[in-house]
There are 2 protein chains.
Amino acid sequence: MKAIALILAPLEYSGQAGRADAEERGLSKPTIYSIAQRCGVSAATVSRVFNRPELVSPRVREQVTAVARELGYLPNPAARGLVTGRAETIGLIVSDITNPFFPLLVRSIQRTAERMGSSVMLVDAEESAAAEVRHVARLRGRVDGVIVASPRSSSAALREAAKGLPCVLLNRPLRDLSSVLCDNTSALFEAGEHLHKHGHRSFALLAGPSASWAAARRSQAIRGWARGRGVELTELGPFRATFKGGRQAGAALLETAATAAFAFDDLTACGVLAELAGRGVAVPGDRSVVGCDDVLLARTVTPSLTTVTAPMDDLGAIAVQVLTRQIEAPGGAPEHHRLPGVFVARDSTGPRSTS
Amino acid sequence: MKAIALILAPLEYSGQAGRADAEERGLSKPTIYSIAQRCGVSAATVSRVFNRPELVSPRVREQVTAVARELGYLPNPAARGLVTGRAETIGLIVSDITNPFFPLLVRSIQRTAERMGSSVMLVDAEESAAAEVRHVARLRGRVDGVIVASPRSSSAALREAAKGLPCVLLNRPLRDLSSVLCDNTSALFEAGEHLHKHGHRSFALLAGPSASWAAARRSQAIRGWARGRGVELTELGPFRATFKGGRQAGAALLETAATAAFAFDDLTACGVLAELAGRGVAVPGDRSVVGCDDVLLARTVTPSLTTVTAPMDDLGAIAVQVLTRQIEAPGGAPEHHRLPGVFVARDSTGPRSTS
DNA sequence: GTGAAAGCGCTAACAT
DNA sequence: ATGTTAGCGCTTTCAC
């Protein structure tokens, strides 16, 4: 009996002996096999130590852990991914990384993803709808799911591109895809009231990119408020969501008699401010300007911007959580979340000019 | 003979027949095996069509391509990576994604990486040296190499973290690791001359974070210039590379008699501008301010910043190229590149105040 | 609690 | 030009 037992317990796992030997001499990277061999256990046991430690006896578990550390073992994600079908990675496509709206969002998404054990693959679409779609195709297979932030693509294109891939849209609603939205409607109402209280009666709406849901939504909110309030509203634009676009918007604003303007976002608002300053128009003395998003810029510009703060951290965190659910239960019903922005008054708004 | 030949040519590849069957009915994802079966060729041939098409006859090549498209085949990166040992992905660690310096850099790196067929895994270290090191460890195995932008970690920590992993440092020199630097020395000399011509004789140096190589380098350049020019230079700081840090720097500046100040970067400079504006100090009337980097902010702020433009596109592109070489020839000698910044005069500098 | 064995989907010799 | 054959490193039944 004893002899037989010995025969049945070979000293090495034949198939891997060569490799293990080589790496014993530091020639190749450690694998579960090298660890297994050094510990006198099977590779399966080593694997369990990392994935289901409760199934392994404490003694073996500790030994394996120790040897793994000593060898500097790192599981090979490709090998693991090949069998599990998971990349432990999510894709993040942003419409324009240079837009100051995104950095904090990226940070929040990344933090949350990391807490969930996933890495983030970031892709900048450079404001191109075509690039967005191309990139989700490219990401497919490399990631478990994607978040598309402020997409510019058509709904049909998005739907098609995301077919069979867990996906959540940020700032863009779409029935069949999950979405997380920042809704500034009520905050913009507050902004309107704030201006109204300061005596403004004639307003300008500097519309953002027509492909942007946020832009449409904001315009709609402002229109709604103006109508309800019975004040005059001149619609200008659409303007690009850039500093330059803002300067154009500023120029256009000066063609009107509006004493207060709603810019599409803070970046545009900064352009407006710059244009007005360049033409010697005082803010808020001559005209009041409100932005949206409350990006870093909003505080740094002079005068600091009255704006609507977007709950970046929550937007990002929720997006990742929803995506995670979507990944774990593919084909589950899409979720729709809507977070309100909050109005914040600063120095770019004030009493209506007396001129 | 004929009979034997038939026996040797089975109709299906036994090992994979079951899967292929299943997926024929649309139950599983297409693989090279499903395509092979439909085309009556071997999986190796299908693989060749994608990797070494010139080795496959045009006829077969076209058929395989057609079927692949029809089935919506997408190669599995994990499987490919497992055998090639390449992830076709590079890691990008930035010290602080909210710093406006990075977006354009990220874009440039990503563009170049994409041209090289690689994706980018972005990680934000949130200004923490520890996080930097942690993240390169985490990235190891998931990426073929990493770019660390403006690292805050100690040289020793970086060296250790990058051991055995292709790595290029951005804005941080280190003998044994490749680096791509933006050197603003001569541009800062020009800035000094520019101010000197405007009559300034007393200067302030608002130093940046002590862990930043760029900060040290810039301070050194300015000191060198001031000494050579024989002008008075007051050193203040270090200040954090944030808007807030800039406001503090601005306050400190006002304690001195300096009529012109070198801020560490544009973000700090904006803080300085805001602080001065808040205290009713005119720029450039009372004091002149120069920034560095030429980020978006530099143009949007009022007055627009006199600064030093960093060649972002080149910095990013070169970093990726160097990294690619490093990946293809591991253990090759580190490369060191140094690109000059270029001075640009705008509205934050002007004649010395006459007061 | 642990091991044997089968594969995940692909590439790369090595044949032919 | 194409097929055969081994794995890449890991997870995961299924036995024991």
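Note that this is a predicted model, so its numbers are computed, not measured. Lettering of chains follows the sequences in order, A, B, ..., and the numbering in each one begins at 1.
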Reference residue R152(B); test salt bridge (charged side-chain N to carboxylate O under 4.0 Å, His left out); the match among E132(B), E127(B), E126(B): E127(B)
Nearest-neighbour nucleotide for the V60(B) side chain, dC10(D), dT2(D), dG9(C) considered: dT2(D)
Short side-chain N/O contact from S42(A) to OP1 or OP2 of dG3(C), under 4.0 Å: yes
Spacing between Y33(A) atom OH and dG3(C) atom C1', to the nearest angstrom: 11 Å
Rounded interatomic separation in angstrom, taking CD from Q37(B) and C1' from dG3(D): 16 Å
Nucleotide of dG3(C), dC8(C), dC10(C) approaching V41(A) most closely (side-chain heavy atoms): dG3(C)
Whole-Å gap separating P (dT12(D)) and CZ (R52(A)): 8 Å
OP1 or OP2 of dC10(D) under 4.0 Å from side-chain N/O of Y73(A): yes
Nucleotide of dC10(D), dC8(C), dG3(C) approaching L82(A) most closely (side-chain heavy atoms): dC8(C)
Residue whose nearest DNA chain C nucleotide is more 5′ - L74(B) or V56(A): V56(A)
Touch class at under 4.0 angstrom, heavy-atom based, for S47(A) against every strand present: base
Spacing of E62(B) atom CD relative to dA1(D) atom C1', expressed in whole Å: 15 Å
Side chain of L55(B) (C-beta onward), nearest among dG7(D), dT2(D), dT2(C): dT2(D)
Single hit among Q321(B), Q326(B), R325(B) for side chain to side chain donor-acceptor pair (under 3.5 Å) with E335(B): R325(B)
Below 4.0 Å: OP1/OP2 of dT2(C) and any side-chain N or O of S57(A): yes
Residue-phosphate contact under 4.0 Å: N51(A) side-chain N/O, dT11(D) OP1/OP2: yes
Touch class at under 4.0 angstrom, heavy-atom based, for F50(B) against every strand present: nothing
Criterion side-chain contact (heavy atoms from CB on, under 4.5 Å) against D124(B), the qualifying member of Q110(A), R111(A), E114(A): Q110(A)
Heavy-atom donor-acceptor pair, R48(A) side-chain to dG3(C) base, under 3.5 Å: yes
T45(A) side-chain N/O to dG3(C) phosphate OP1/OP2 under 4.0 Å: yes
Whichever of N76(A) and P58(B) has its nearest DNA chain D nucleotide further upstream toward 5': P58(B)
Residues R172(B) and S150(B): side-chain donor-acceptor under 3.5 angstrom: no
Modelled atom types, side-chain donor and acceptor of T89(B) and R142(B), under 3.5 Å: no
Distance in angstrom units between E88(A) CD and dC10(D) C1', rounded: 13 Å
d(CZ, R86(A); C1', dG9(D)) in whole Å: 19 Å
Residues E70(B) and R38(B) bridged, charged N to O under 4.0 Å: yes
Distance in angstrom units between I32(A) CD1 and dA4(C) P, rounded: 13 Å
For atom CD of Q63(B) and atom C1' of dT2(D), their distance in whole Å: 14 Å
